Amino acid sequence: MTHAHIDHSGLLPRLVSKGYGGPVWCTAQTADLLRVMLPDAGRIQEAEAARRNRRPDRADDVAIEPLYTESDAIQAAALARPVELGVEFSPAEGITARLWNAGHILGAASIELEADGCRVLFSGDIGPEEKSFHPNPAASRGYDHVICEGTYGNCRRPDQTPEQWRAQLLEEATGALARGGNLVIPTFALERTQELLLDFALLLDAGRLRGTHIFIDSPLASRITRVFAEHVHELEDVPASLFERPQFHFVETPGQSMRLNSVSGAIILSASGMCEAGRVRHHLRHNLPRRESTILFVGYQAAGTLGRTIVDGARRVRISGHDIAVRARVSAIEGYSAHADQRDLLRWIDARRPIHGTLFLNHGEPEALAALADEIHSIHRDCSIRIAEPGERYALSPGKAAMRVSTGDHALVATAGRDWQNDYATFVTGLKADLMTLKDDAARRKAIERMHRALHQ
C-alpha cells in the first residue's frame with residue numbers, strides 16, 4: 001500500500017469482504033492512518049446507502065447496498081504490516097520489496113519490487129518539491145520498468161513559495177471576513193487540513209490574522225490531526241505544539257456543525273475535499289448563495305465531482321436534492337497540491353533513468369497523461385512509454401519493453417469522468433431557468449411536451 005488516501009486504500013475493505021485476509025505492507029505512519037481512514041470510509045458507505053434509500057424519489061427503486069461495512073474496514077486496517085523506508089523485505093516467496101519516500105503525504109511511499117531478476121518501481125503519488133512536512137521524493141535508479149503517476153502531467157504550476165501561497169490564503173481570509181461572510185474551505189481530511197492548520201498557525205503567531213475563529217468541521221480530520229501530532233517529531237520544520245491554538249475549534253457533533261450555519265465572520269475547514277460527501281455539503285448550501293462568503297478550493301477536483309462543477313463556473317448546483325444559486329466568490333490556491341506538477345514529474349522520472357524497459361503512465365485524466373508522454377518523448381526519444389487502460393495486462397521482462405498480453409475493457413474506460421447522473425443534475429438544475437427564457441407559457445408547455453415524447457419514443 002503506497003499511502004492512506006482513500007483513492008488508494010479505499011477498496012481494501014472490499015477485498016476483506018470478499019475473503020482476503022493476508023498482510024497489507026506499508027509504512028508505520030500509513031498503518032496508523034488506515035486505522036482512522038478505513039472505518040470512516042465504511043461508515044460513509046453505510047450512511048450514504050441508507051440516506052439514498054430513504055430519499056422519496058428512490059422509494060420505488062431497488063435498495064442500494066454499501067460496497068462494504070465499517071466492520072469490514074476495521075478488519076482491513078488490522079491487516080497492516082509496517083515496514084521502514086529503505087529496508088528490504090519479502091512480501092511473498094520469490095519477491096523482494098523496498099519502500100521509498102514519495103513526499104506526498106504522511107507515510108506515503110513508492111514501492112520497488114524485484115522478481116526473477118526484473119526490477120519494477122511503482123511511484124505511488126509523488127509530492128512536489130515545495131511541500132510542507134516532508135522531504136523531497138527519493139528512490140533508486142536503473143529500473144527495468146517504472147509505473148509513474150501523471151495527475152498533473154499537463155500542468156506547470158506557477159513557481160510559488162510557501163510564503164506566497166500563505167499570503168494568498170491570508171488575502172482570501174481577510175477578504176471574506178471583511179465582507180461579513182465566511183471563508184469555507186472544502187479540504188481533504190488527510191494532510192491538506194493539517195497543512196492549512198500549519199499556515200494558519202504561522203499567520204496567527206506572526207500577528208497577521210487576528211480576531212477570527214477557525215473551525216475544523218470534520219471528525220475524521222480531527223482524528224487524523226491527532227495521528228499527525230503523534231508523529232510530529234518526524235515532520236520537517238514543525239513546532240511540537242503546532243495544532244494547539246486557542247483559535248482552532250475541532251467540531252465533533254452534528255449539532256455543533258449545524259450551528260455553524262448561522263455563523264458569519266469565521267473560517268470553516270470541512271471535508272470532503274471534492275464536496276462529494278460529508279459536512280462541507282451543508283456549509284456549501286448555506287454559503288454558496290451568500291455574496292459576502294468565499295469558497296476556497298485548495299486541492300484537485302476530479303471530473304464529475306461537485307467541486308469540479310463549482311470550480312468550472314456553474315451558476316447553479318444541486319446539493320442533496322436542493323437547487324443552489326452560486327453567488328459566493330469562488331477561488332483556488334494551487335500551491336497546496338500534494339501532487340508533483342509536470343516539471344516535478346519530469347525531474348522524478350529523469351532521476352530514475354536509465355529505464356531499460358517501459359515507462360507506464362497512470363493515475364491521471366487522458367489529457368494529462370498524453371501531455372506528459374509527449375513531453376517525455378521530446379526529451380528522451382528512445383523511451384518506451386505506455387498509457388495503460390483499465391483491464392490491460394502486460395508481461396514484464398528484464399531489459400525489454402513490456403509486452404501486452406490482453407487488451408483493455410472499454411466498458412471500464414467509459415465509467416471514468418462524468419456520467420449520466422452528472423449530466424442529469426446539470427440539466428435539472430438549469431431546467432426552470434432555461435424554460436423561463438422562452439417567450440410565453442405556451443412555448444414552455446410545448447418544450448416540456450417535446451422532452452416527454454423524446455423520453456418515451
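This one's a predicted model, so the numbers in the text were calculated from it and none came from an experiment. Residues: numbered from 1 along the sequence shown.
Distance alone, capped at 3.5 Å, places no donor-acceptor pair between the Thr305 side chain and the Gln301 backbone. For His145 (side chain) and Ile355 (main-chain N/O), no donor-acceptor pair under 3.5 Å exists by modelled atom type. For the pair Asn287 (side chain) and Leu284 (backbone), a donor-acceptor distance under 3.5 Å is absent. With hydrogens and angles ignored, the 3.5 Å screen pairs no side-chain donor or acceptor of Ser123 with any backbone N or O of Asp125. A distance-only check finds a donor-acceptor pair linking the side chain of Gln342 to the backbone of Gly153 [under 3.5 Å]. No donor-acceptor distance shorter than 3.5 angstrom exists from the side chain of Arg81 to the backbone of Cys26, with no hydrogens or angles considered. Without hydrogens or angle criteria, Asn182 side chain to Gly265 main chain gives a donor-acceptor distance under 3.5 Å. For the pair Asp40 (side chain) and Leu220 (backbone), a donor-acceptor distance under 3.5 Å is absent.
A donor-acceptor pair shorter than 3.5 Å can be found between the side chains of Asp217 and His283. Side chain to side chain, Ser331 and Glu172 meet the donor-acceptor criterion of an N or O pair below 3.5 Å. If you check the side chains of Arg290 and Ser264, you find a donor sitting under 3.5 Å from an acceptor. Side chains of His282 and Ser257: a donor-acceptor N/O pair is present below 3.5 angstrom, by distance only. Residues Glu334 and Tyr336 have side chains that never bring a donor and an acceptor to within less than 3.5 angstrom of each other. There is a side-chain donor-acceptor pair under 3.5 Å between Ser384 and Thr358. A donor-acceptor contact closer than 3.5 angstrom is absent between the side chains of Thr309 and Asp312. Side chains of Thr225 and Gln194: a donor on one and an acceptor on the other come within 3.5 Å.
By the 6.0 Å and 45° rule, Arg98 does not stack over the aromatic ring of Phe89. Both the sub-6.0 Å distance and the 45° axial angle are not jointly satisfied by Arg14 relative to the ring of Tyr68.
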Could you walk me through whether Arg279 and Glu252 pass the salt bridge (charged side-chain N to carboxylate O under 4.0 Å, His left out) test, one step at a time? CA-CA 11 Å; Arg279 295 179 178 181; Glu252 296 296 337; over 6 Å; no
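Looking only at side-chain heavy atoms (C-beta outward), Phe188 and Val298 stay at 4.5 Å or farther from each other. The shortest distance between side-chain heavy atoms of His231 and Gln29 falls below 4.5 Å. Side-chain contact check for Arg281 versus Ser320: some heavy-atom pair is nearer than 4.5 Å.
Residues Phe215 and Phe248 place their aromatic rings such that the two centres sit no closer than 6.0 Å.
Remark: of the listed residues Leu369, Ile147, Ile126, Thr151, Thr151 is the sole one forming a side-chain contact (heavy atoms from CB on, under 4.5 Å) with His363. With Ile214 as the fixed residue, the side-chain contact (heavy atoms from CB on, under 4.5 Å) test singles out one of Ile268, Ile185, Ile267: Ile267. The only member of Glu236, Glu191, His104 that meets side-chain hydrogen bond (donor to acceptor under 3.5 Å, both in side chains) when paired with Lys131 is Glu191.
Using a 4.0 Å cut-off between charged nitrogen and carboxylate oxygen, Arg445 and Glu449 do not count as a salt-bridge pair. Look at Arg51 and Glu48 and you find a salt bridge, because one of the NZ, NE, NH1 or NH2 atoms lies within 4.0 Å of a carboxylate O, short of that distance. A salt bridge links Asp323 and Arg318; the closest N-O separation between the charged side-chain nitrogens and carboxylate oxygens is under 4.0 Å.
No more than 12 heavy atoms of other residues, nucleotides or ligands sit less than 6.0 Å from atom CE of Met403. Surrounding CZ of Arg52 are at most 12 heavy atoms belonging to other residues, nucleotides or ligands under 6.0 Å away. The environment of His452 atom NE2 is sparse: at most 12 non-hydrogen atoms of other residues, nucleotides or ligands sit within 6.0 angstrom. Around CG of Asp7, the count of heavy atoms belonging to other residues, nucleotides or ligands within 6.0 Å exceeds 12.
Taking the six-membered ring for Trp and thresholds of 30 and 60 degrees, His213 and His249 have ring planes inclined between 30 and 60 degrees apart.
Pro82 approaches Ala28 most closely through the heavy-atom pair CB-CA, 3.7 Å.
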